[in-house]
Chemist: 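Here it is: the structure, laid out below.
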Number of protein chains: 2
Amino acid sequence: MQLAFTEAEAAAGRQEVPVGAVIVHDGKVIAQQGNRVEADHDPTAHAEMLAIRQATALLGTSRLTEADLYVTLEPCAMCAAAISHARIHRVFFAAYDPKGGAVDHGPRFFSQPTCHHAPEVVGGMDEQRAAQMLKDFFSARR
Amino acid sequence: MQLAFTEAEAAAGRQEVPVGAVIVHDGKVIAQQGNRVEADHDPTAHAEMLAIRQATALLGTSRLTEADLYVTLEPCAMCAAAISHARIHRVFFAAYDPKGGAVDHGPRFFSQPTCHHAPEVVGGMDEQRAAQMLKDFFSARR
């Protein structure tokens with residue numbers, strides 16, 4: 001999760017919403033990404049999506065059944081569904097996101113009957129740190 | 001929608017689940033893509049995601065507020081949330097997808113209070129044709 005925070009800080013430095021994600025497979029970090037929506041003009045370029053794409057490209061498979069994902073913010077519906085499509089084993093996230101999160105808020109995607117794979121989920125790791133980072137970012141932009 | 005079907009047929013030819021998507025902006029087709037999950041080893045490479053990324057890259061913006069998306073299958077939660085992030089104006093889809101769709105099924109993402117932009121949606125255009133294409137594809141693989 002420390003590495004995910006490093007990616008989130010780097011994203012903030014690029015004026016991106018500070019979210020970072022890391023994928024661990026077989027005890028090794030195989031992907032680490034920060035949000036790049038603004039830099040890439042790509043609304044799908046959330047940290048989790050980029051990390052999933054990096055990891056699947058590296059392993060040459062569309063499934064990450066043995067992998068764990070660490071992310072500094074509760075995933076949105078896009079990322080939650082991508083996590084499910086990728087069959088990720090476990091998800092650890094830091095801050096809860098009542099406004100846009102889709103794991104413990106809104107659609108609660110992994111609990112839907114149409115969700116075909118639900119990872120194990122641990123939320124709230126280092127929550128205060130991630131929440132403060134987001135708060136600082138948004139208050140600096142107001 | 002005809003062009004979306006052409007992309008879906010091309011996807012089937014590549015042994016991909018036959019789904020195609022097209023984005024129209026200012027009366028012109030600016031993106032057309034078929035599902036590439038298998039070819040790219042990328043679980044996020046649904047036709048809609050690729051079309052959104054193609055369109056935003058072309059226009060140099062992460063928002064497609066004036067654009068319409070045509071897709072041969074009801075979007076899943078990943079694609080529905082990406083459509084919302086991209087602020088797409090209208091979505092036209094062909095076949096309903098009770099198993100994985102997230103517009104009229106499952107999380108019904110656009111109706112969630114945490115959905116920040118809901119497009120106008122028209123479902124069921126040329127539904128029989130799209131449903132038959134998917135049925136033929138899956139029965140040939142059994």
Side-chain angles (χ1 to χ4, degrees), chain A residues 16-17 35-46 48-65 67 74-88 96-117, chain B residues 16-17 35-46 48-65 67 74-88 96-117:
Chain A
E16 302 272 0
V17 176
N35 181 13
R36 298 191 59 86
V37 168
E38 302 301 330
D40 294 355
H41 305 303
D42 180 354
T44 76
H46 286 192
E48 303 95 308
M49 301 294 282
L50 297 174
I52 289 170
R53 294 176 56 211
Q54 185 183 1
T56 53
L58 181 80
L59 299 180
T61 166
S62 65
R63 302 211 168 175
L64 301 170
T65 48
E74 179 184 346
C76 76
M78 174 178 73
C79 295
I83 286 164
S84 180
H85 290 321
R87 304 289 193 274
I88 286 176
Y96 288 90
D97 183 4
K99 286 188 188 170
V103 177
D104 282 310
H105 298 93
R108 290 177 167 73
F109 180 71
F110 298 135
S111 307
Q112 291 287 339
T114 54
C115 172
H116 305 306
H117 166 81
Chain B
E16 302 274 358
V17 176
N35 181 14
R36 298 191 59 87
V37 169
E38 302 301 329
D40 294 354
H41 305 302
D42 181 354
T44 76
H46 286 193
E48 302 94 308
M49 302 294 282
L50 297 175
I52 289 170
R53 293 177 57 211
Q54 185 183 1
T56 54
L58 181 78
L59 299 181
T61 167
S62 64
R63 301 209 168 176
L64 301 170
T65 48
E74 180 184 345
C76 75
M78 174 178 73
C79 296
I83 286 164
S84 181
H85 291 321
R87 305 290 194 274
I88 285 175
Y96 289 91
D97 182 4
K99 287 188 187 169
V103 177
D104 282 309
H105 298 92
R108 290 176 167 75
F109 180 71
F110 298 135
S111 307
Q112 291 287 339
T114 55
C115 172
H116 306 306
H117 166 81

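Each chain gets a letter, A, B and so on, in the order its sequence line appears, and its residues count up from 1.
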Chemist: Mind checking what makes side-chain contact (heavy atoms from CB on, under 4.5 Å) contact with B:His41, not counting sequence neighbours?
Modeler: none
Chemist: What distance do B:Ile83 atom CD1 and A:Met78 atom CE have between them, rounded to the nearest 0.5 Å?
Modeler: 11.5 Å
Chemist: Can you give me the closest heavy-atom contact between B:Pro107 and A:Thr114, atom names plus distance?
Modeler: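 Residues B:Pro107 and A:Thr114, closest heavy atoms: CD-OG1, 3.6 Å.
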Chemist: Checking A:Thr44 against B:Ile52 for the side chain to side chain contact (heavy atoms under 4.5 Å, CB included) test, could you report, in this order, the C-alpha distance in whole Å, the side-chain angles of both residues, the deciding distance, and whether it holds?
Modeler: CA-CA 8 Å; A:Thr44 76; B:Ile52 289 170; 4.3 Å; yes
Chemist: Top residue by heavy-atom pair count (under 4.5 Å) with chain A, among B:Ala55, B:Ala81, B:Ala45?
Modeler: B:Ala81
Chemist: Measure the CZ-CD distance between B:Arg108 and A:Gln112 for me, rounded to the nearest 0.5 Å.
Modeler: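 Answer rounded to 0.5 Å: 9.0 Å.
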Chemist: For the residue pair A:Arg53 and B:Pro43, establish whether any side-chain heavy-atom pair is separated by less than 4.5 Å.
Modeler: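 A side-chain contact is absent here, since even the closest heavy-atom pair is not under 4.5 Å.
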Chemist: Mind listing the closest non-hydrogen atom pair of A:Thr56 and B:Asp42 along with its distance?
Modeler: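 Here A:Thr56 and B:Asp42 meet closest at OG1-CA, 4.2 Å.
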Chemist: Going by the rule salt bridge (charged side-chain N to carboxylate O under 4.0 Å, His left out), which residues pair with A:Asp40 if we only count those two or more places apart in sequence or in a different chain?
Modeler: A:Arg36
Chemist: Any idea which of A:Ala86, A:Gly100, A:Cys115 has the most non-hydrogen atom pairs under 4.5 angstrom with chain B?
Modeler: A:Ala86
Chemist: Do the side chain of B:His116 and the main chain of A:Lys99 share a donor and acceptor less than 3.5 angstrom apart?
Modeler: yes
